[in-house]
2 protein chains.
Amino acid sequence: MLTKKELKEFCAEARENYLPHISIDCVVFGFHEGIMKVLVLKVQNEDEWYLPGGFMLKNEPIEKAADRILKERTTLDKIFLQQFQVFGDPERSKEHFDMYKDMLPAKENWFSNRFLTIGYYALVDFFETNPNPDQFAESCQWRGLDDLPDLKLDHALILKTALDTLRLQLNYQPIGYNLMPKEFTMPELQKLYEAILDKKLDRRNFQRRMLGFGILTRSDEPRKGGAHKAPYLYSFDLKNYEAALKEGFKGGW
Amino acid sequence: MLTKKELKEFCAEARENYLPHISIDCVVFGFHEGIMKVLVLKVQNEDEWYLPGGFMLKNEPIEKAADRILKERTTLDKIFLQQFQVFGDPERSKEHFDMYKDMLPAKENWFSNRFLTIGYYALVDFFETNPNPDQFAESCQWRGLDDLPDLKLDHALILKTALDTLRLQLNYQPIGYNLMPKEFTMPELQKLYEAILDKKLDRRNFQRRMLGFGILTRSDEPRKGGAHKAPYLYSFDLKNYEAALKEGFKGGW
DNA sequence: AATCATAGTGTATTAATGACACAATTGTAA
DNA sequence: TTACAATTGTGTCATTAATACACTATGATT
């Protein structure tokens, strides 16, 4: 929570630069050790958590704003972003309103606004990401889907909706490509699908199907060093991948 | 286009009642005589066309606003609505801005705002709908997808995006249920699918598959009166339909 | 050298899809 | 009234995709 002075400065700057009533919240997915993880921020000195988000400059395209916000949180540049829903319950930002209502009169208090928030999900390479807190937060960290803190406002709903969208879009968006590192093994890719779909898949059928799509290139060198039999390394053949995505991976009518 | 007096009144009312910077635009689909149709409005005395839309009351949930706007345009009550995207290019409402900029100073001119618009698509029963123009329009009418006028602003993009979304969601949303009248024949339903997917389907395979979903009830009485062999009438078994939709109609992983 | 965990591969069964042809019904034109 | 055209209903076969399942290979550990 901000001090009165910080709040006043923030509000003055916000009113000058940002569109009122509108915010952006992002669900940033990363994949690590077989678990889907999400970036969350922790409020200073409180056990309160929220999703990375921010506001839109008065003359900024929405996607640019999401990009800018996420660059600040992750240090990453060309992030894969997908807008998935606007959340606009008139009561949704009440917590923020209550928190700051006594510190500044409504007229100059940015948080006395009702906010619609535009939800984006982002897919990033876990290993390339350096989480960075924003000015309200004490930390910014990865948390597994099975280990999420309670989130403030309607951020739990936003996260759930993002996950549902991810599941639905698995066959239409380059989800594997954006979440996996450049090279990966087939079992690793399978774990990603299992994490997103929340179910076990058959190893042999998964491999056959994936290879059948013709979107993977097998490297000459297997991964070394680990225990057990050395698995092959694969990478996405981006050209074939994008062509296949246009059709969707399932077939359809 | 409004007169100066009308504009002034509208702006005063708008500023008092609506959230600034935010609008809603709707792509209303109906199905008639084998053709997908969309509701469009024609500007008074101009050959200019746009989609039904409006603004959000300061304390109104988004979906309620879309509902209210569409009730005014269609006289329909519980319309099936699906939010599909926010359009936020900073230049997107420039045409409106230019049209009215000389009539009122920016400060009191509602249209000097940049607007983000929340796109909804709606599915309605063509035969139940009574198109109604809004205060800017001279008429509100159905137009087939193959017979669309040029649309103002970015409304052509909004329409195209809605159609793409419809295609993608065909297996996850009750699209047939909302677009067809209560009773319909199998060939009619097939024409709907063909119109949405923009491709021919095999009559026999379509029927086998549709019946296989177990979501249709065949009426005892065939449709009478038409030329040729009398087709059977079907209706949706809503309970089974909704259960099947939860899974999606394709199978998937 | 035996063991354990993991990776790679193949095959048989079943289900879904796609392609296709013929019979039935009804209005219209000869 | 009869032949025809247009449309609907239904069945079958071939192909393809999905599922279920078992064995072999490799490399580290003991």
Side-chain angles (χ1 to χ4, degrees), chain A residues 33-35 170-172 176 180-181 183-195 197-235 244 247-253, chain B residues 33-35 170-172 176 180-181 183-195 197-235 240 244-245 247-253:
Chain A
E33 294 183 341
I35 293 174
L170 189 55
N171 292 322
Y172 302 98
M180 297 303 281
E183 295 203 302
F184 49 87
T185 68
M186 193 60 79
E188 284 165 358
L189 184 62
Q190 183 180 338
K191 285 200 185 80
L192 171 64
Y193 274 75
E194 290 179 339
L197 297 166
D198 197 23
K199 67 160 102 162
K200 285 272 162 211
L201 301 172
D202 181 272
R203 215 157 51 86
R204 296 152 282 195
N205 296 335
F206 179 82
Q207 164 138 338
R208 174 156 39 110
R209 189 154 174 213
M210 269 294 151
L211 292 178
F213 292 143
I215 57 173
L216 295 178
T217 311
R218 189 160 96 176
S219 159
D220 297 331
E221 297 298 309
R223 168 162 297 169
K224 292 163 182 171
H228 320 301
K229 176 168 182 173
Y232 290 106
L233 284 171
Y234 293 87
S235 57
E247 299 298 310
F249 282 125
K250 282 300 299 179
W253 289 92
Chain B
E33 292 182 343
I35 293 175
L170 189 54
N171 292 321
Y172 302 98
M180 297 303 281
E183 293 203 303
F184 49 89
T185 68
M186 194 61 77
E188 285 165 356
L189 184 61
Q190 182 180 338
K191 284 199 187 80
L192 172 63
Y193 275 75
E194 290 179 337
L197 297 167
D198 196 24
K199 69 160 103 162
K200 286 271 161 212
L201 301 173
D202 182 273
R203 217 159 49 86
R204 296 152 282 196
N205 296 335
F206 179 82
Q207 165 138 339
R208 182 176 28 158
R209 191 155 173 212
M210 267 297 151
L211 292 178
F213 292 142
I215 57 172
L216 295 177
T217 311
R218 188 160 97 177
S219 158
D220 297 332
E221 297 299 309
R223 167 162 298 169
K224 292 164 185 173
H228 320 302
K229 176 167 182 175
Y232 290 107
L233 285 170
Y234 293 87
S235 57
N240 288 357
L245 276 175
E247 300 299 310
F249 281 126
K250 283 298 301 177
W253 290 91

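Residue numbering restarts at 1 for every chain, and letters A, B, ... go by the order of the sequence lines.
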Donor/acceptor link under 3.5 angstrom from A/Arg204 side chain onto base of D/dA18: no
Spacing of A/Asn205 atom CG relative to D/dA17 atom C1', expressed in whole Å: 10 Å
Atom pair distance, as rounded to whole Å: NZ in B/Lys229 and C1' in D/dA5: 15 Å
Spacing of A/Tyr234 atom OH relative to C/dA7 atom P, expressed in whole Å: 12 Å
Heavy-atom donor-acceptor pair, A/Arg208 side-chain to D/dT19 base, under 3.5 Å: yes
Interatomic distance, B/Met210 CE vs D/dG9 P [rounded to whole Å]: 14 Å
Which nucleotide in D/dG9, C/dG8, C/dC20 has an atom nearest any side-chain atom of B/Pro231: D/dG9
Length of the CE-C1' vector between A/Met186 and D/dT26, whole Å: 18 Å
A/Gln207 side-chain N/O to A/Arg204 backbone N/O, donor-acceptor pair under 3.5 Å: no
Whichever of B/Lys191 and B/Asp202 has its nearest DNA chain D nucleotide further upstream toward 5': B/Lys191
A/Leu189 CG to C/dG8 C1', straight-line distance once rounded to whole Å: 16 Å
Spatial distance of atom CG (B/Leu189) from atom CG (B/Leu216) [nearest 0.5 Å]: 6.5 Å
Proximal nucleotide (of C/dA24, C/dG8, C/dC20) relative to the A/Pro187 side chain: C/dG8
Given C/dT6, D/dT8, C/dT9, the nucleotide with the shortest approach to the side chain of A/Arg218: C/dT9
Closest to side chain of B/Ala230, choosing from D/dC21, C/dT26, C/dA19: C/dT26
Distance, rounded to the nearest Å, where A/Phe206 contributes CZ and D/dA20 contributes P: 16 Å
Distance-only donor-acceptor test, B/Arg203 side-chain atoms vs D/dG9 base atoms, 3.5 Å: yes
Residue mapping more 5' on DNA chain C - nearest nucleotide basis, A/Gln207 or A/His228: A/His228
salt_bridge(A/Glu194, A/Lys200) N-O dist < 4.0 Å: yes
Nearest-Å distance for atom pair CG/C1', residues B/Leu211 and D/dT8: 13 Å
Steps toward side-chain contact (heavy atoms from CB on, under 4.5 Å) verdict (B/Met180, B/Tyr234): CA-CA 10 Å; B/Met180 297 303 281; B/Tyr234 293 87; over 6 Å; no
Side-chain (B/Glu188) to main-chain (B/Gly34) donor-acceptor, under 3.5 angstrom: no
